[in-house]
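Worksheet for the structure shown next.
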Amino acid sequence: MNVLVINAGSSSLKYQLYNMVTEEVLSKGRVERIGMDSSILTHEVDEKPEVREVSEILDHTTAIRKVLDMLTHREFGVLRNIKEIRAVGHRVVHGGESFSESVLVDKDVKLEIRQLFDLAPLHNPAHMMGIMAVETNLPDVPQVVVFDTAFHQTMPKNSYLYAIPTVLYRKHKIRRYGFHGTSCDYVSKRAAEFLGRPIKELNLIVCHIGNGASCTAVLGGKSFDTSMGMTPLEGLMMGTRSGDLDPAIVPYTLNKEELTLNEVNSMLNKHSGLLAVSGISSDMREVVQAMKEGNEQAKLAFEMYAYRIRKYIGAYAAAMNGVDAVIFTAGVGENSDVLRQAVCEGLTFFGIGLDHERNAVRSGEPRRISTDDSKVEVLVVPTNEELLIARDTYRLVLGEGK
Ligand code: ADP
């Protein structure tokens with residue numbers, strides 16, 4: 001029983017093929033530059049060298065066909081026949097208020113996702129292209145959609161409403177939705193397993209720190225509050241996003257700099273955050289390197305970034321009236337020991353003790369980085385959104401699995 005997991009972007013598409021009996025990744029890869037000349041398909045199987053094919057791939061339907069050709073390729077493939085793919089699971093960024101869990105795709109689900117285009121104009125249309133492309137290539141294969149927002153639908157009203165006229169919520173659904181939900185769900189369950197405690201008894205704070213970054217308060221296994229809002233711009237400082245700011249800055253900047261609204265939007269999403277403050281890069285590795293070489297702006301960017309995370313941890317510990325474990329995950333959270341140290345150093349009043357040796361260890365497994373006598377556990381738990389998508393797909397299609 002194999003499940004293909006797809007993450008479709010506007011000009012790219014990532015895939016992973018899972019054997020759901022063993023939960024092993026049989027193959028993974030990506031198609032880049034869809035709709036441009038010289039599109040690139042990169043395909044990986046086990047430890048074998050990557051296969052790279054450059055061709056013209058004008059749309060997502062062709063991209064999926066090329067992926068299926070590669071998966072059944074005599075030399076590079078892992079399947080004898082595409083019929084061995086029993087189901088396809090898609091990552092979908094925005095499920096609005098319509099979806100609080102993963103669902104099988106049908107006519108109504110597709111219609112609903114289309115109605116959410118306004119809330120995620122860069123993402124949902126691309127996901128829909130992925131769904132339609134699979135439908136064209138594999139018309140008899142069931143598809144499942146897994147939403148980044150679904151996990152956060154348990155947030156109480158006082159967490160998700162903005163203090164603006166309620167008519168805006170009623171008419172336009174302006175509220176906080178939160179993102180990285182699939183990751184938070186996966187990581188909190190893994191953390192509970194690791195701690196050997198029922199998730200229902202735990203107050204967790206998940207710090208998903210990648211290019212995009214968010215903190216989530218997970219109370220008894222359910223999202224209670226999260227730092228991203230109606231869009232992924234709110235909350236922590238990120239690679240290129242500003243995170244929280246005074247909304248009055250928008251009209252003020254429009255006026256002073258004679259920028260258009262689109263330009264200000266683009267500035268806040270693509271030209272702010274670590275990139276803007278460091279003046280070097282949106283990549284934490286490069287910022288840390290420059291900081292070590294004595295670059296003052298890089299140091300400031302790093303400190304601001306860590307400080308915001310610390311503030312959110314403090315806020316969520318208060319929101320839940322206590323915290324059992326703080327969890328770091330995603331690209332920066334899993335890999336940057338200096339960032340984890342900078343965040344935790346200011347939290348000693350909580351009773352957080354960081355064990356520097358444990359913090360320096362690299363491993364792909366969940367691990368404890370706090371000291372044995374720390375009152376709050378600090379864990380690093382590698383995320384795996386694709387596996388959770390594959391599991392949900394398997395469960396919904398065959399009624400089996402975790
Ligand atoms: P995305 O939000 O795109 O899914 P990821 O979770 O893959 O992002 O994180 C990507 C980011 O992780 C990179 O931009 C880089 O800044 C950061 N990163 C990866 N490895 C390291 C490392 N060793 N030290 C610090 N940061 C790292």
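Hydrogens, waters and symmetry mates are skipped; everything else that's a heavy atom, side chains included, is used. Note that ligands are numbered from 1 as they come in the structure, with each ligand's atoms numbered from 1 the same way. This one's a predicted model, so the numbers in the text were calculated from it and none came from an experiment.
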Seminar exercise, completed: Ranked by distance from atom 17 (C) of ligand 1, the top protein heavy atom is Val332 CG2, 3.5 Å
Exercise. So, is Ser282 polar-close to ligand 1, with some N/O to N/O distance under 3.5 Å?
Worked result: no
Exercise. Does Asp372 pair with Arg358 as a salt bridge, N-O distance under 4.0 Å?
Worked result: yes
Exercise. Is Gly331 in polar range of ligand 1, meaning some N or O pair under 3.5 Å apart?
Worked result: yes
Problem set entry | Region of Glu286 engaging ligand 1 - heavy atom pairs below 4.0 Å | neither
For this session: Go through ligand 1 atom by atom and flag the ones less than 4.0 Å from a non-hydrogen atom of Gly212.
Result: 2 (O)
For this session: Name the closest protein heavy atom to atom 14 (O) of ligand 1, giving the residue it belongs to and the distance to 0.1 Å.
Result: Asn211 OD1, 2.8 Å
Problem set entry | Residues Arg114, Glu112: salt bridge by 4.0 Å N-O rule | no
Exercise. Does Met1 reach the side chain of Leu398, with side-chain heavy atoms less than 4.5 Å apart?
Worked result: yes
Problem set entry | Sidechain-backbone polar pair: His152 side chain, Arg176 backbone, donor-acceptor under 3.5 Å | no
Problem set entry | Salt-bridge contact Asp106-Lys110 (side-chain N to carboxylate O under 4.0 Å) | no
Exercise. Any ion pair linking Glu386 and Lys28 (charged N to carboxylate O, less than 4.0 Å)?
Worked result: no
Seminar exercise, completed: In ligand 1, the atoms that come under 4.0 Å of a heavy atom of Ala330 are 6 (O)
Exercise. Is Arg285 salt-bridged to Asp283, cutoff N-O under 4.0 Å?
Worked result: yes
Exercise. Counting from 1, what ligand 1 atoms have a heavy atom of Arg362 closer than 4.0 Å?
Worked result: 23 (N)
Exercise. Are Asp337 and Arg340 close enough for a salt bridge, meaning some N to O gap below 4.0 Å?
Worked result: no
Problem set entry | The one among Gln289, Glu334, Met284, Glu385 that brings a heavy atom closest to atom 16 (O) of ligand 1 | Met284
For this session: Find all atoms of ligand 1 within a distance of less than 4.0 Å from any non-hydrogen atom belonging to Asp283, and give their numbers and elements.
Result: 15 (C), 16 (O)
Exercise. Are there protein heavy-atom neighbours of atom 8 (O) of ligand 1 below 4.0 Å?
Worked result: yes
Seminar exercise, completed: Nearest heavy atom to atom 19 (C) of ligand 1, choosing from Arg285, His180, His208, belongs to Arg285
